Amino acid sequence: MKPSPPRSEGTSPVPPDPVDWSARYAAEDTPWDNGAPHPELSLALQDGRLAPPHEGARVFVPGAGRGHDAIALARRGWVVTAVDVVESLVAEVAPQLEKLGGTFVVGDALEIGEAQEFDLIWDHTFFCAIQPRDRARWGKQAARILKPAGHYAALVFPVGKPVEDGGPPFGMSCEALMQALGPLFRERVSEPVSRPLKRRTWQEFWLRAEKTGLAPAQ
């Protein structure tokens, strides 16, 4: 029997499928929570890589958790829609986002009904947390909710983790994410992060892709 991955990698023994994320938060079993925005996101907001392209630019943050990244984006001028399935997070996150003009939505990011609304999707610990069978479905959802010429920016992690190790987080790569996003997207940046989280064993990449085509009508 293989040992479970160490908690320092942002995981714990593989839970049953589907994951009861509410129970994980209730038990404070959230090793993926860094307690602050990811350092690479903070740098990208400071150096302008993720500056809002215009006033009122909107960003969708799936699997927002306690909202560290979402709040950082809102403080830099993005109009944030943060989504998470854990209802208990509302009291903690929603007031902070609302003060900054953002919104916290309880729900499944795979089921959000808005279309062609967002300038950016920010993904950190979402794609790696969903079941691999749902990746293509998420790619179609991303294409549907992004505006033409919108961008998908992601911290790709855990790069190099064997598939047989399971998850979450499930092993992923820039190639796997681009495959899920599909032919409507073009990769613009793919490189190792300059400020990785020290407690993570697996490699992290920064990826940015642009939606260059139109999503098919639903």
Side-chain angles (χ1 to χ4, degrees), residues 9-11 32 38-41 43-45 47-51 53 57-64 69-70 73 78 81-83 108-112 114-197 200-218:
E9 294 172 8
T11 187
W32 58 84
H38 191 286
E40 191 73 15
L41 172 61
L43 179 61
L45 290 170
D47 65 22
R49 279 180 289 160
L50 278 189
R58 300 184 65 208
V59 56
F60 185 79
V61 184
D69 288 357
L73 286 157
W78 285 96
T81 297
V83 178
D108 184 347
L110 290 165
E111 302 289 346
I112 294 298
E114 294 182 79
Q116 301 294 327
E117 287 291 333
F118 297 97
D119 300 274
L120 175 70
I121 292 174
W122 170 250
D123 177 4
H124 174 207
T125 71
F126 179 75
F127 189 84
C128 68
I130 62 176
Q131 294 291 325
R133 63 174 177 266
D134 288 328
R135 289 178 172 182
R137 181 183 169 203
W138 168 243
K140 291 178 181 179
Q141 173 76 321
R144 195 177 65 81
I145 67 176
L146 271 178
K147 293 179 179 179
H151 284 79
Y152 191 112
L155 286 165
V156 179
F157 166 85
V159 176
K161 181 180 179 182
V163 174
E164 57 268 23
D165 282 2
F170 295 96
M172 63 178 290
S173 63
C174 295
E175 292 79 10
L177 179 51
M178 289 304 304
Q179 181 179 4
L181 291 175
L184 299 183
F185 287 82
R186 293 290 178 269
E187 184 180 289
R188 298 307 187 199
V189 180
S190 175
E191 60 191 15
V193 300
S194 59
R195 294 185 180 180
L197 288 178
R200 286 182 172 171
T201 300
W202 303 108
Q203 194 172 14
E204 298 176 85
F205 271 69
W206 171 269
L207 181 139
R208 187 161 181 169
E210 182 181 4
K211 181 182 170 184
T212 58
L214 293 175
Q218 298 296 309

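These numbers were taken from a predicted model, which means no experiment stands behind them. Positions are given from 1 along the sequence.
- L177 contributes atom CG, which lies 13.0 Å from atom CZ of F205 (distance to the nearest 0.5 angstrom).
- One N or O on the side chain of K161 and one on the backbone of P169 form a donor-acceptor pair closer than 3.5 Å.
- Looking at F157 and V193, their side chains never come closer than 4.5 Å, going by heavy atoms from C-beta outward.
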Just do the side-chain contact (heavy atoms from CB on, under 4.5 Å) check on F127 and L207 with the steps written out, would you?
-> CA-CA 12 Å; F127 189 84; L207 181 139; over 6 Å; no

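- When every heavy atom of A142 is checked against every heavy atom of L181, the shortest pair comes out as CB-CD2, 3.9 Å.
- Residues W206 and L43 form no side-chain contact, since every pair of their non-hydrogen atoms from C-beta on lies 4.5 Å or further apart.
- The two residues L184 and A143 have their closest heavy-atom pair at CD1-CB, 3.9 Å.
- Residues D119 and A57 approach most closely at OD2-CA, 3.3 Å, considering heavy atoms.
- Between the CD atom of Q179 and the OG atom of S173 there is a distance of 8.5 Å, given to the nearest 0.5 Å.
- Using bins of under 30°, 30° to 60° and over 60° for the plane-to-plane angle, the ring pair Y152/F185 lands in the perpendicular bin.
- Judged purely by atom type and a 3.5 angstrom limit, R188 has no side-chain atom pairing as donor or acceptor with the backbone of H151.
- The line from CZ of R137 to CD of E111 is 4.5 Å long, rounded to the nearest 0.5 Å.
- Using a distance-only test at 3.5 Å, with no hydrogens or angles considered, a donor-acceptor pair links the side chain of Q141 to the main chain of A109.
- Side-chain atoms of W78 come within 3.5 Å of backbone N or O of L50 as a donor-acceptor pair.
- Scanning all heavy atoms of the two residues, the minimum distance from V156 to C174 falls at CG1-N, 3.7 Å.
- In this structure, a donor-acceptor pair under 3.5 Å is absent between the side chains of H124 and E40.
- D108 contributes atom CG, which lies 8.0 Å from atom CG of D134 (distance to the nearest 0.5 angstrom).
- Taking all atoms of both residues into account, the shortest heavy-atom contact from L146 to F118 is CD2-O, 3.3 Å.
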Run the side-chain contact (heavy atoms from CB on, under 4.5 Å) check on F170 and I130 step by step: do they pass?
-> CA-CA 8 Å; F170 295 96; I130 62 176; over 6 Å; no

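- Considering every non-hydrogen atom in both R135 and G171, the closest pair reads NH2-O, 3.0 Å.
- Looking only at distances, a side-chain donor or acceptor of D123 sits under 3.5 Å from a matching main-chain atom of F126.
- How far CG of L120 is from NZ of K211: 13.5 Å, rounded to the nearest 0.5 Å.
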Can you list the steps and then say if I112 with F60 is a side-chain contact (heavy atoms from CB on, under 4.5 Å)?
-> CA-CA 10 Å; I112 294 298; F60 185 79; 3.8 Å; yes

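- To the nearest 0.5 Å, the span separating CG on L45 from NE2 on H38 amounts to 12.5 Å.
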